[in-house]
Structure formats: structure tokens, C-alpha cells
Amino acid sequence: MSPSGPEVIRQIRASVDEVDPADVRAELSANGTVLVDVREEQEWNVGHIPGAQHVPRGYLESRIEAAVPDRDTHVVLYCASGQRSALAAHTLTELLGYRHVRSMNGGITLWKDRGYDVEVPHALSAEQRERYSRHLLIPEIGAEGQQKLLDAKVLLLGAGGLGSPTALYLAAAGVGTIGIVDNDVVDLSNLQRQVIHNTPRIGTPKVDSAEEAIHELNPDVKVVKYPVRLDASNVMEILEGNDVIVDGLDNFPTRYLINDASVRLGTPVVSASILGFDGQLSVFAPGDGPCYRCLYPVPPPAELAPSCGANGVLGVLPGTMGLLQATEVVKLIVGAGEPLIGRLLLYEALGATFTELKVRRDPACPICSRDPKEISDEETGVFPDYEAFCAAAG
Amino acid sequence: MAVTVKIPTQLRSAAGGETEIEVELDGATVGEVLDALFERFGELRGRITEDGSLRRFVNVYVGGEDIRFGDGLDTSVPDGGEVTILPAVAGG
């Protein structure tokens, strides 16, 4: 007659080397012992021993060599109580030829009872796994990339033509914190392109309107509202602490201001601008590439800077350019692909053409050629004679 | 030789509304390409140059490279090449 299950387990446990959590803890800090958690994924996600590898027992034979390639390595396995890890130790020793395998007695339960450290990883909830399932399916993002997006802080400068589509798609993508700087209210003439706002919210502050749309789309996202105009007195404080800054501003002085502040903070800026049927896009990453002043050392005069007065723009164009910005933001956060650093992308909608230009770092740049720590508040965003500039533009 | 010049939105009204202009010329530098362009569209001269030099806020690219980091107006342009004129835009 075959032995019962409990009898087999008893026999195997008797044949496997077992080790006390106190000894495991001492060994881990001392030498090259590898600790392997053989529990299921949901158990691992609740908390595991810091520094442990995770190889669920069901995948032991197929995955252990990736975690522990050398069969002479000292391996300690653990589970919840010490039973599954004993069975796994038996498999490693008897079937796979590992020579120094032990099972931790009492498992992580006893480890915790002793008051030893447990690491609780961020884990996606069941709802998040469903919401972001199409991200999880692409290896360039996956669960790790999605977690980076959820942990990321992105600051949008302007909730207008460019900021609207960018905010919507970054919210949908699960960027955890989206800051929005805009002191304007929603106007009927905005709605031809600013798709985050809507007709019932005309007259509402844009930051409130954007927050409402973002929360309806994705309650995971925290919105931080700045209903102010950026100036030299508040720019450093507002920009600090963000992982990526998205520039969709409608005027030159503020573009120079945020460039200088972002260089001082070392924060990348995904920058786009639009006019008529034309769009421009680039990523300014301090230290890795040129800055906005390297590309445009001085702003154009009023007659060539149609940004102070009212100007026409194809309503779809900020959608196209804003989503190219959102794409660069996601790439920067998850570390995928080639960001548009040192390159300027031009889109001309009438001809349906894209042109790529090189942007070089200017060794004489008044801002990014210097030690960021030496740039003072007084020098940040210096812009020649702006009042006269806008007065001339009418 | 023939060169294509790309005209930005802000300058199109001074260039017959065109987004791209084919320029035929005997020379081979950016300065000569621009002179040939100005012969056809005189208003562009003052918008792009000042006293014979490029205005500081106008970027000019040949084959995707900024001529400020090349030889300026003396940068050579190949037959069939593409010259892009680009002022900064701040619209958002």
C-alpha cells in the first residue's frame, strides 16, 4: 500500500537539512547564501524576506537555474511554515543535483514572530492588473514599468491645447501624480482643441475642470493643482520634486523661466509648441543633452513671435503634438526606447510631413554650460524687455 | 543646382503662402540659397537677415544640422539638399 501524503511529507522533512531563522539571518549578512522564497505570487506580494529571490514551487524546475545557476551555491528555501520549502529542497537535491540546500524551519511565519525584517513590495491590485493589462502585456512596460508610472510625478505646465490631451493620456496610463499649473478658466473658444474641458464646465478654473476629467477617467491618479501664473518667485518651488516636466506653455518668457529652473533642478522637460499647422517637439534633459536656450538663444521679436496675441491653430494639432509629448513622458519614466534628446521633431500637418533636426549643446550656453548650483534666482528666466515685447505684439 | 527651402508658418505670408520652395541657383552655400530666395520673395530678406547676417532668433538647418554649429551662412548645401528655416514658437 502506498504511503499517505502526510507520511511522505514527514519522510521528506526528515531527510532534508533544516535551518533555524536565526541562523539564516546571520548567514545572509555574512556570506553568499542565496535565499529563495518558493511561495505563490500573491503570498510574496504581501511581504517577503529582504534580499530573497522568488521562485514559486510550481515553477521550481524551470526557473531555479536563472536564480541560482551554480549547483555548489548554498541555498536556503523558505515558504510559509517550512513544509513546501522542505519538499522543494528535496526536489533541488534529489532531482536537480544542488549540493547545499536547506529548508528554513517555521517559514516566514516564524521569521516574523521573531520580529525580523519583512519587505512589502508595491503590488498592483486586481483592478489595476485589469486596468493596465495592455501595458502589462508589452515587455517594455510590464508590471515593473507600470509600477514606475504609478510612482511617477509629472508636472504639466498649462492645461490648454497641449496639456489637455497629455493630461488625459498620462492619467489613463496610470501616472500616479499629475501636477497642473494653470491660472485660466475654461472659455468656449478653448473647446475646439482643449479636450479635457467641456461645455458644462465653461467658466470653471482649468485646474478644477482637468481634475474632474482625470478622476472620472482614473481614480488612481492624484492631481495637484496650481492655479497660479509661474514666475521667478514660485518656479523653483513648484517644479521641485517632479520626475518629468511637460511644457505646453503659450509664451516665451515662461518657457525660458522653466528651462532655467529645470536645468538648476536637473529635471527633464518634454517641450512642444504649436502654431497654425506646425508643431515642434523635443526633450531637454539637463546633463544629457541641450537645453531650450541652446536651441533658441534669444526669443524672436514681436512680429515673429505670434504668441502674445490671438493666433489660429488647427484644433487637432495640439492633440497630435500633446500625445507625442505624452509618449516621450512615458518613455522617460519607464526607461524604454530612445527619448527625443538632442533632436527636434517638426510636424507640418498640411503636407503631412515630419522633419527631424539635430539640436546641439551650446558650449557657450548662458545657463546649461554652467554648474547648476551657481545659477542664482536673479539669473533664472532672464528675458530681455518683455513688457515692450508684448506691447509691440499687441 | 536645386535646393528645397522649408518655410515656417510665421513666414509663409511673405513667401506666397508656400510651405516649401524650390530654389534654382549657381552657388553652393546657405547664403547663396537665401539670396536666391530673397530675389523671388523680397520681404523675407528683412525677416531672416539683418545687415547681411542671420537674425539671432532664426535657426537655419542644412540636412538637419544647425548652421550655427557649422560655417554659418558659408555652410555648403548639396544639390538636392534641404534647407529648413525655423524661428522659435511658443504656442501651446
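Chain letters run A, B, ... following the sequence lines, proteins first, then strands; residues in each count from 1.
- Residue A/Pro363 comes nearest to B/Phe69 through the heavy atom pair CD-CE2, 4.3 Å, listed as atom of the first residue, atom of the second, then distance.
- Contacts between A/Arg255 and chain B at a heavy-atom distance below 4.5 Å involve the side chain alone, from C-beta outward.
- For B/Glu20, no part lies near chain A; criterion is any non-hydrogen pair under 4.5 Å.
- With B/Thr9 as reference, A/Asp278 is the one residue of A/Asp278, A/Leu350, A/Ile274 to meet the side chain to side chain contact (heavy atoms under 4.5 Å, CB included) rule.
- Contact between A/Tyr292 and B/Val89 at its shortest, heavy atoms only, is OH-O, 4.1 Å.
- Heavy atoms of A/Asp362 lying under 4.5 Å from chain B belong to its backbone as well as its side chain.
- With a 6.0 Å radius and a threshold of 12 heavy atoms from other residues, nucleotides or ligands, B/Asp79 has its CG atom above the threshold.
- Here A/Thr355 contributes atom OG1 and B/Tyr61 contributes atom OH; the two are 11.5 Å apart, rounded to the nearest 0.5 Å.
- B/Asn59 places a side-chain N or O within 3.5 Å of a backbone atom of A/Leu295 that can act as its donor or acceptor partner.
- Neither the backbone nor the side chain of A/Thr254 comes within less than 4.5 Å of any heavy atom in chain B.
- Pairing each heavy atom of B/Arg56 with each of A/Pro297, the nearest pair is NH2-CB, 4.2 Å.
- Listed here is the closest heavy atom pair of A/Pro300 and B/Ala88: CG-O, 3.9 Å.
- Residue contact with chain B, scored on non-hydrogen atoms closer than 4.5 Å, involves the side chain of A/Leu344 exclusively.
- By the neighbour-count criterion of 12 heavy atoms within 6.0 Å, atom OH of A/Tyr169 is sparsely surrounded, having that number or fewer from other residues, nucleotides or ligands.
- With rounding to the nearest 0.5 angstrom, the OG1 atom of A/Thr353 is 4.0 Å from the NZ atom of B/Lys6.
- Looking at A/Glu356, the atoms closer than 4.5 Å to chain B (heavy atoms on both sides) all sit in the backbone: N, CA, C or O.
- Proximity to chain B (any heavy atom under 4.5 Å) is shown, for A/Ser271, by neither the backbone nor the side chain.
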Worked check of side-chain contact (heavy atoms from CB on, under 4.5 Å) between B/Asp66 and A/Arg360: CA-CA 8 Å; B/Asp66 189 337; A/Arg360 293 193 187 277; 6.0 Å; no

